[in-house]
Visitor: 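Starting off with a structure, shown below.
The chains referred to below are lettered A, B, ... by the order of the sequence lines, with proteins before strands, and numbering in each begins at 1. Because the structure is a prediction, the values reported are computed rather than measured. Side chains are part of it too, since the values below use all heavy atoms of this structure and drop only hydrogens, waters and symmetry mates.
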There are 2 protein chains.
Amino acid sequence: MAEIEHLEAPERRLAEERVAELADLFRLLGDGTRLRIVLSCLAAPASVGDIAARVGASPSLVSHHLRLLRAARLVRAERRGRQIFYSPRDQHVQCVIEDMVAHVTEPRDELEGDA
Amino acid sequence: MAEIEHLEAPERRLAEERVAELADLFRLLGDGTRLRIVLSCLAAPASVGDIAARVGASPSLVSHHLRLLRAARLVRAERRGRQIFYSPRDQHVQCVIEDMVAHVTEPRDELEGDA
DNA sequence: CCAACGTATGAACAGGTGTTCATACGATAG
DNA sequence: CTATCGTATGAACACCTGTTCATACGTTGG
C-alpha cells in the first residue's frame, strides 16, 4: 500500500538515495578485513603500518581499504610526522558496531530456531 | 602493540569469530535490495508478495534474500493463512539502521572534506 | 641534494555474489 | 481430491569486489 514510510528516526521517510548510501556504508563494514581495520582504530588513532600489523594484512591492502572508508566518511586521516593516523569519523560508527555486537551476543531463543 | 582490546561494549575484547559474524551481518545489510527488504518490514510484518511489490523485485529474489536474512537472525518468519509474514528479529536491527541514518544525515564538515 | 621510510595508486587476477529462469513444495478454497 | 495461490529452491550467468604485485608519491634525516 505505502512505500517505506516508517523508521521513527530523524526522518520518517527514507529517500531512495539515502537507502543507497546506507547500503554502501553497511557494505564497507561487511568485509572482514575492513571491519577489523575500523575496529583496530576505534579506541585510538592508528597508523597504516600499525593497522596492517594488527589485522595481519599488507600495508598496500590496508591503504586501499582506508581509502574507501575515508571516502565514505567512516574514518578520518591525520598527519603526524611522516605517518598518517586514522580514527573513526564520528560516534555513530561506534554505536552501530556496538548495537550489532549486542545483536550477536543476544541469547539465541532456541525455541524459535530460525523460523 | 595490542590486539583489539577496546570496544567499551558488553564484551571488551572481540573474538575473531565474532568479528566474522559481525561482518556477515553488515554484508547482508550492504546490499540495496536486501536493505530495502528489511526496511519494508520494519514498521509492520509484511508478506513476501507485499515486500516484492514494495521494493520492486520478483518474489523469487525476495525469497532468496529473506532466506539469508532469516539465517542470520535479522528477520523472523510467521505463518498467517497461506502467506508468510516477515519482521525484524529484534530491536537491535532497528537501532543499527537508525544509527547509520544518523551518520548519513549528519552535517558534512565542509572544512574537513574527506581528509 | 640524495637515500630511506611510510603511504598511496593502478592494473590484473581469482573468487564470491546478486539476479534470473524454471520448477517444486505446501496450504487453502471449491 | 484437484486446482490455484503464495512461497521456496536449484542451477547458470554476469557482474562486482577483494587481493596481490609492482610502482610512484611525499616526507623526513644525513
Visitor: As a test of reading the structure: which of C:dT7, C:dG18, C:dA27 is closest to the side chain of B:R79, going by heavy atoms?
Guide: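 Closest nucleotide to the B:R79 side chain: C:dA27.
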Visitor: Taking CG from B:L61 and P from C:dT17, how many angstroms apart are they, rounded to a whole number?
Guide: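 These atoms are roughly 16 Å apart.
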Visitor: Name the nucleic acid region contacted by A:R27, choosing base, sugar-phosphate or nothing; use a 4.0 angstrom heavy-atom cut-off, strictly under.
Guide: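 Sugar-phosphate, backbone atoms only, no base.
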Visitor: At under 4.0 Å between heavy atoms, what does B:F85 touch on the DNA or RNA strands: base, sugar-phosphate, or nothing?
Guide: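 Here B:F85 touches no strand at all.
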Visitor: In whole angstroms, how far is the P atom of C:dC5 from the CD1 atom of A:I84?
Guide: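 Taking atom P of C:dC5 as the reference, CD1 of A:I84 is at 18 Å.
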Visitor: Is the shortest heavy-atom distance from the side chain of B:L29 to the side chain of B:M100 under 4.5 Å?
Guide: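 Heavy-atom side-chain distance check fails, nothing below 4.5 Å.
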Visitor: Determine the minimum heavy-atom distance between A:A23 and B:D31, stating which atoms define it.
Guide: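 Taking every non-hydrogen atom into account, CB-C, 4.2 Å.
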Visitor: Is B:D24 close to B:L28 at the side-chain level, that is, under 4.5 Å between some pair of heavy atoms?
Guide: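 Result no, sub-4.5 Å side-chain heavy-atom pair not found.
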Visitor: Of A:L68 and A:R80, whose nearest nucleotide on DNA chain D comes first from the 5' end?
Guide: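 With A:L68 and A:R80 compared, the 5'-side residue is A:L68.
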Visitor: Return the value, rounded to whole Å, for the distance between atom CZ of B:R36 and atom P of C:dT19.
Guide: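 After rounding, the gap between these two atoms is 9 Å.
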Visitor: Taking any atom under 4.0 angstrom from a heavy atom of chain A, which nucleotides of DNA chain D are the first and last to qualify, 5' to 3'?
Guide: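 Listing 5' to 3', DNA chain D meets chain A from D:dT17 to D:dT28.
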Visitor: Of the non-hydrogen atoms in B:P88 and B:L42, which two are nearest, and what is the gap between them?
Guide: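 Looking at all heavy atoms of both residues, the closest pair is CG-CD2, 3.3 Å.
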Visitor: Taking the inter-plane angle between the rings of B:F26 and A:F26 on a 0 to 90° scale, is it parallel (under 30°), tilted (30 to 60°) or perpendicular (over 60°)?
Guide: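 Answer is parallel, since the angle falls under 30°.
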Visitor: Considering the terminal five base pairs at each end of the helix from C:dC1-D:dG30 to C:dG30-D:dC1, what angle separates the two local helix axes, rounded to 10°?
Guide: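 Here the helix ends are tilted 30° relative to one another.
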Visitor: Do you know which two heavy atoms are closest between B:E16 and A:R36, and how far apart they sit?
Guide: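 Reported closest heavy-atom pair: OE1-NH1, 2.7 Å.
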Visitor: Donor-acceptor check, side chain of A:R89 to backbone of A:R73, threshold 3.5 angstrom: yes or no?
Guide: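 Here the side-chain-to-backbone pair does not exist.
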Visitor: For B:R79, give me all partners under side-chain contact (heavy atoms from CB on, under 4.5 Å), at least two apart in sequence or on another chain.
Guide: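 For B:R79 the side-chain contact (heavy atoms from CB on, under 4.5 Å) partners, ignoring immediate neighbours, are B:I84.
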Visitor: Pick the closest DNA chain D nucleotide for A:A57 and for B:G49 by heavy atoms, then say which residue is nearer the 5' end.
Guide: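 Going by which nucleotide is closer to the 5' end, it is B:G49.
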Visitor: On DNA chain C, nearest-nucleotide positions of A:H64 versus A:Q83: which is more 5'?
Guide: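 Per heavy-atom nearest nucleotide, the more 5' residue is A:Q83.
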Visitor: Taking OP1 and OP2 of C:dT19, is either one under 4.0 Å from a side-chain nitrogen or oxygen of B:H65?
Guide: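 Yes, B:H65 has a side-chain N/O under 4.0 Å of OP1/OP2 on C:dT19.
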Visitor: Indicate yes or no: at least one non-hydrogen side-chain atom of A:L74 is less than 4.5 angstrom from one of B:H103.
Guide: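 Yes, side chains in contact.
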Visitor: Please state how far atom CG in B:D31 lies from atom P in C:dG16, giving the value in whole angstrom units.
Guide: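 Whole-Å distance recorded here is 18 Å.
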Visitor: Assign A:T33 to base, sugar-phosphate, or nothing according to its heavy-atom contacts below 4.0 angstrom with the strands shown.
Guide: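 Since only primed, P, OP1 and OP2 atoms lie under 4.0 Å of A:T33, the category is sugar-phosphate.
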Visitor: Mind checking if B:S47 touches a base, just sugar-phosphate, or nothing, with heavy atoms under 4.0 Å?
Guide: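 The answer is sugar-phosphate, as B:S47 gets under 4.0 Å only of primed atoms, P, OP1 or OP2.
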